[in-house]
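Scroll down for the structure; my scribbles are underneath it.
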Amino acid sequence: MPLVRLVAGFVIWSAGFVVLYAVQALGCAYGWGDWHRPVLIGLYLLALAPLSWLAIPARAGAEEGPLHFAALWANRAALLAAVLIFMPVTFASLCV
Amino acid sequence: MSQTPSPIGLHKQLDAIWRTPPGLARLSSVNHTILGKRFMALALLFFAIGGLLSMLIRAQLATPNSAFLGPDIYNQIFTMHGTVMMFLFAIPMFEGFAIYMLPKLLGARDLAFPRLTAYGFWCYLFGGSILIIAMLAGVAPNGGWFMYTPLSSKPYTPGINADVWLLGITFVEISAVTAAIELFVTILKMRAPGMALTRMPLFAWYMLVTAGMMIIGFPPLILGSILLEMERAFHLPFFDPTRGGDPLLWQHLFWLFGHPEVYIIFLPAAGALSTIIPVFAQRPILGYRAIIAAIVAMAFLSFGLWVHHMFTVGIPHLALAFFSAASALVAIPTAVQIFAWIGTLASGKPRWDIPMLYVFGFFAVFVCGGLTGVMLAMVPFNTQAHDSYFVVAHLHYVLVGGFVFPMLAAIYYWLPHISGRQSLYRLSIPAFWLILIGFNLTFFLMHLTGLMGMPRRISTYPSNWGWDWLNLLSSVGGFILTMGFALVLADMVLQFRFGARFRRDPWQAGTLEWATATPPPSYNFAAIPHMDTRADQLRPARIGPTLAGGDGYLGFARNGEQETLAVDMMSGDAEQLIVLPRRSYLPLWTAMATASFFLALLFKLYWLAPFGALATLVLFLCWPIGLGSKSDRGPIDIGRGLAVPPDVEAPDNVTVLANRTALVMNGTLFASLLFGGLFLLVVAPNWQGSSAPTLPLWAGALAVVASLSAAGASAMAARRPGSVLPLRAGLVAAIALQVLALTLLALSMGALGDPTGHARQAVPFVTLGYAALHCGLGAIMAAHALWRHAQGYVSARRRTELVLARLWNGYAGGVVVLALGLVALLGLNGVAP
Amino acid sequence: MFKPVALGATPLLLTGCTGALSTLDPAGPRAANLATLWWVMLYGSALLFALVIALFAMAYLRPAWVARITPVQWIVGGGLVLPIPILILLTGTALVLGEQLLPRGDAPLRFGAHAERWQWNFTYPDGREMSDDVLHIPAGQPIDVAVSSADVIHSFWVPRLGGKIDAIPGHENLIRLEADEPGTYWGQCAEYCGPGHDSMWFRIEAHTDEDFTALMEGGQ
């Protein structure tokens with residue numbers, strides 16, 4: 001269980017990464033047009049929600065357990081990684 | 001047990017159980033110390049071969065219009081240089097290092113599956129030999145170490161060259177697969193009692209994360225190699241754009257492995273640094289918990305970078321932006337570690353000694369490579385630098401800085417442990433300066449050579465581009481570098497021959513491996529210690545003699561069995577008594593059977609290959625013979641007043657954990673295959689107007705029902721291990737149902753349409769083939785459980801075989817569902833415009 | 001047009017970096033942007049490298065202030081505070097620059113470059129084909145090149161005009177280039193493509209508008 005908490009944030013990050021990359025490709029292949037970017041931004045925000053929750057230290061149970069410190073910081077790193085790495089969905093060219 | 005023998009007496013008793021006799025019997029060794037040394041020695045031999053190849057490259061490129069090697073030879077040489085260094089040196093080197101070191105660092109007497117270690121070694125030796133022999137025969141791979149299709153496909157590489165790479169490397173990768181599973185399980189389960197996960201030395205954390213990365217990272221490459229070999233051998237299109245394949249699929253699969261691979265190589269080296277630096281700083285590592293967070297972050301981020309090798313293939317800018325940002329951010333966990341190491345030195349009382357000299361080399365070279373890595377992560381700059389000598393310079397800075405320099409530090413730090421002798425330190429200092437100066441002369445200039453426009457992999461160049469003086473100096477540097485490595489080699493030989501003997505713990509280290517005698521005895525520890533503190537702050541010189549006297553867990557020889565302990569994954573409380581299998585020739589025979597399979601494919605004797613596979617399978621089924629127990633023994637005394645059950649009676653023993661891990665790895669391979677199918681559907685050219693795969697609906701539906709019922713039946717058998725009838729009925733039903741599913745799937749494969757015509761038929765063909773194979777494996781696992789039950793090895797408490805049958809049948813059921821789902825998707829009219 | 005300002009601003013080192021294939025000797029606005037990005041990153045990296053090596057040396061020389069740095073300061077300061085702003089700024093700049101370099105918006109003249117082992121066949125906006133390893137373009141305006149391949153993967157690279165783009169069988173990739181001045185700009189295949197990879201050179205000849213128009217109308 002503590003090991004799950006250690007990797008939880010980055011597993012969510014990975015899932016978000018795969019989904020955003022796939023949606024980017026699908027949107028171009030099937031010509032989603034104006035819907036493409038809003039969908040991506042929605043998914044971006046969706047990925048940030050659980051990551052923000054994991055990054056809060058005061059959350060119940062967050063400061064217990066043998067690996068809590070490393071887990072908290074790994075999850076915060078995952079949040080930072082998601083905020084920054086997914087941010088280009090807001091401005092970068094979708095299909096060029 | 002009642003009367004403790006003297007340390008010498010205890011040593012003799014234990015050594016009689018654990019030792020490998022001399023002579024030919026050495027081929028039967030399964031001992032991790034011996035195999036770790038073999039892995040490292042062979043890796044160093046390949047390093048020398050790779051080094052010689054690089055000398056040929058530098059000789060060729062020293063002057064313009066060189067006629068020393070023609071392009072045909074040159075292409076083989078640079079391909080082999082990269083292949084040998086990556087697959088035959090770097091990966092096996094750290095595997096061997098971890099195989100040798102981990103049990104000693106964790107307080108175990110061997111790894112979890114000693115015979116698997118031996119099998120991995122033979123696969124490495126045989127697979128590597130195939131590549132080297134092919135090179136000597138003049139038919140070495142010549143498509144570059146990342147084997148881009150279509151250049152490596154049949155029309156453009158009609159000879160055996162590419163097959164040598166695909167089959168030889170896949171054969172070698174078996175050793176990486178087995179090592180990854182084995183190291184993962186060993187770190188989680190086989191530590192000294194009391195060593196909670198949070199008390200593990202950092203090297204074990206680094207290797208745990210590395211093993212986890214290998215479990216996810218290697219399957220895409222293995223899948224890619226299988227698909228490309230199938231395209232070459234049987235004309236199934238996956239990468240051929242004229243038949244609905246896509247060369248970019250190969251690049252995705254290759255770099256999905258290839259980028260994490262760089263971190264898979266770097267992390268063990270960083271683990272060595274995190275062990276060595278505190279010893280010379282004379283204080284515990286700074287930021288133990290921050291480093292754990294950093295390596296977890298690094299492990300995941302490194303899977304989000306692979307497209308930065310593909311910035312110029314024409315992918316939309318948004319997708320490039322994800323990978324560019326991830327490539328830049330991975331510098332942060334790296335910086336955390338770099339500053340933790342510098343901070344450790346700064347806040348300790350740093351001593352200067354030979355290993356630290358090489359650690360300094362690491363800092364100077366690796367930081368430079370990291371900075372050029374950030375540069376290359378920037379898409380616009382990458383469009384200029386990509387595939388130029390700038391990249392050649394960068395990758396050598398990262399790999400030599402991040403792996404070779406730390407390994408040299410590790411050699412000077414740990415070679416005394418292996419040899420039992422200390423270096424006389426005459427040659428290591430000039431060697432260091434030759435390596436550092438030679439390396440920078442060779443590769444620093446290459447940054448400029450690349451920016452001046454020299455692309456990689458050209459065998460010669462005219463004199464008019466201004467590259468002449470740069471190349472000449474790089475070649476001079478290369479030879480200086482080689483002299484440095486030759487001196488290190490000489491130093492190692494001299495240390496083995498003439499080094500000064502020492503008692504214990506020459507560096508005042510804080511980790512357990514120095515508590516063994518040196519060279520280490522066959523059983524590592526006469527008794528296994530109890531850990532009350534973090535296991536990187538120990539006093540090995542004090543613990544060592546105590547353990548040698550048998551004061552600890554299992555401080556005795558019992559029944560002539562190879563005993564060691566398993567602990568609770570998190571807390572490290574003693575949990576099970578593991579009896580390890582004895583030395584055996586089976587791994588060698590099995591590896592030879594595997595070799596016959598690969599050689600049959602290589603020489604296109606396709607009728608022979610199934611026999612090789614069958615022989616391998618039969619030999620593997622011989623492995624469990626004689627292992628396990630026919631009666632319930634209950635808790636057994638392990639010393640220090642504790643008694644634990646034997647591992648066969650524990651519900652979550654190492655075998656179960658290893659099979660779960662193997663299934664995760666296997667699942668990653670299958671996920672890569674599903675990804676490949678979807679990728680081709682969405683991206684590949686020439687899908688318009690292709691005909692959909694035709695699948696008999698009834699056969700598919702029935703296969704799903706049969707395979708899922710088999711999973712249910714085996715689960716039922718596992719739940720009722722005590723009652724004979726439901727157990728046997730469940731297993732027999734599972735076998736019958738999986739055979740039915742296999743038949744139906746084979747039938748469907750035949751009905752799909754010509755699989756050599758278009759990827760839209762080829763992908764369902766292999767996907768269903770994979771599913772059919774796993775139905776077969778499910779049946780075999782159920783039959784194995786039935787057989788073991790009939791022999792009396794299975795009881796209500798000893799039910800490992802039943803759990804394995806449940807796991808593999810459940811996996812097969814899931815695979816059948818997903819495989820048919822993919823086929824259905826490819827059958828719909830969902831082709832992208 | 002000679003650009004004394006740009007030349008004066010370039011470092012002295014650059015004099016050793018000229019060459020017909022040198023990315024550090026740009027001859028168009030796009031390649032010049034890329035070269036500027038390189039010089040900025042080079043100076044920044046040199047500073048960071050010096051900082052790390054100096055700190056390593058300090059750890060051994062041990063002035064008092066180094067010993068006073070706490071563990072948290074080492075890790076948070078060096079591992080987070082130092083790199084994060086630099087990386088955000090750099091990546092952000094590079095992405096904005098990347099957006100500007102994309103071949104989109106007003107479609108300029110479009111040429112074709114079709115790679116075949118081991119030569120380049122060029123097509124012109126009017127559909128004409130030529131296979132003599134020379135591409136004629138107008139100078140002083142951006143042009144697009146659609147890059148494709150007949151066999152294996154190649155890469156189209158004219159270092160003095162801009163970055164490279166791969167020629168991949170089954171795909172067509174677009175790259176936008178621009179030459180400031182009329183002249184000859186050498187290009188080459190940058191992706192390993194077999195035994196003839198060494199000599200897969202080509203040239204881009206940039207002409208003044210009038211010359212280019214005349215060349216096109218001349219039906220050459």
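Quantities reported herein were computed from a predicted structural model and do not represent experimental measurements. Chain identifiers are assigned alphabetically (A, B, ...) following the order of the sequence lines, protein sequences preceding nucleic acid strands; residue numbering begins at 1 within each chain.
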Inset, instruction - Give me the contact list for residues 38-51 of chain A versus chain B, heavy atoms only, anything under 4.5 Å, ordered by residue number. - result: A/L40

Legend entry - Residue part contacting chain A, namely of B/L301, when any heavy atom lies under 4.5 Å: both

Inset, instruction - Under 4.5 Å heavy-atom distance to chain A, tell me which part of B/V330 shows up: side chain, backbone, both or neither. - result: neither

Legend entry - B/I292 side chain near A/W73 side chain, heavy-atom distance below 4.5 Å: no

Legend entry - residues 84-96 of chain A: residues contacting chain B (heavy atom under 4.5 Å, by number): A/L84, A/I85, A/F86, A/P88, A/V89, A/A92, A/S93, A/L94, A/C95, A/V96

Inset, instruction - Compare all side-chain heavy atoms of B/F300 with those of A/V7 and state whether any distance is below 4.5 angstrom. - result: yes

Inset, instruction - Pick whichever of B/A319, B/P316, B/A326, B/A293 has the most heavy-atom pairs under 4.5 Å with chain A. - result: B/P316

Inset, instruction - Decide if atom CZ of B/R289 counts as having more than 12 heavy atoms of other residues, nucleotides or ligands within a radius under 6.0 Å. - result: no

Inset, instruction - Tell me, for B/F322 versus chain A, whether the close heavy atoms (under 4.5 Å) come from the side chain, the backbone, both or neither. - result: both

Legend entry - Qualifying residue for side chain to side chain contact (heavy atoms under 4.5 Å, CB included) with B/V296, from A/L6, A/L67, A/N75: A/L6

Legend entry - Residue-level interface, residues 8-25 of chain A with chain B, non-hydrogen cut-off under 4.5 Å: A/F10, A/V11, A/W13, A/S14, A/F17, A/L20, A/Y21, A/Q24, A/A25

Run the side-chain donor-acceptor check on residues 211-220 of chain B: report pairs under 3.5 Å with partners two or more places apart or on a different chain.
none

Legend entry - Segment of A/A81 engaging chain B (4.5 angstrom heavy-atom cut-off): both

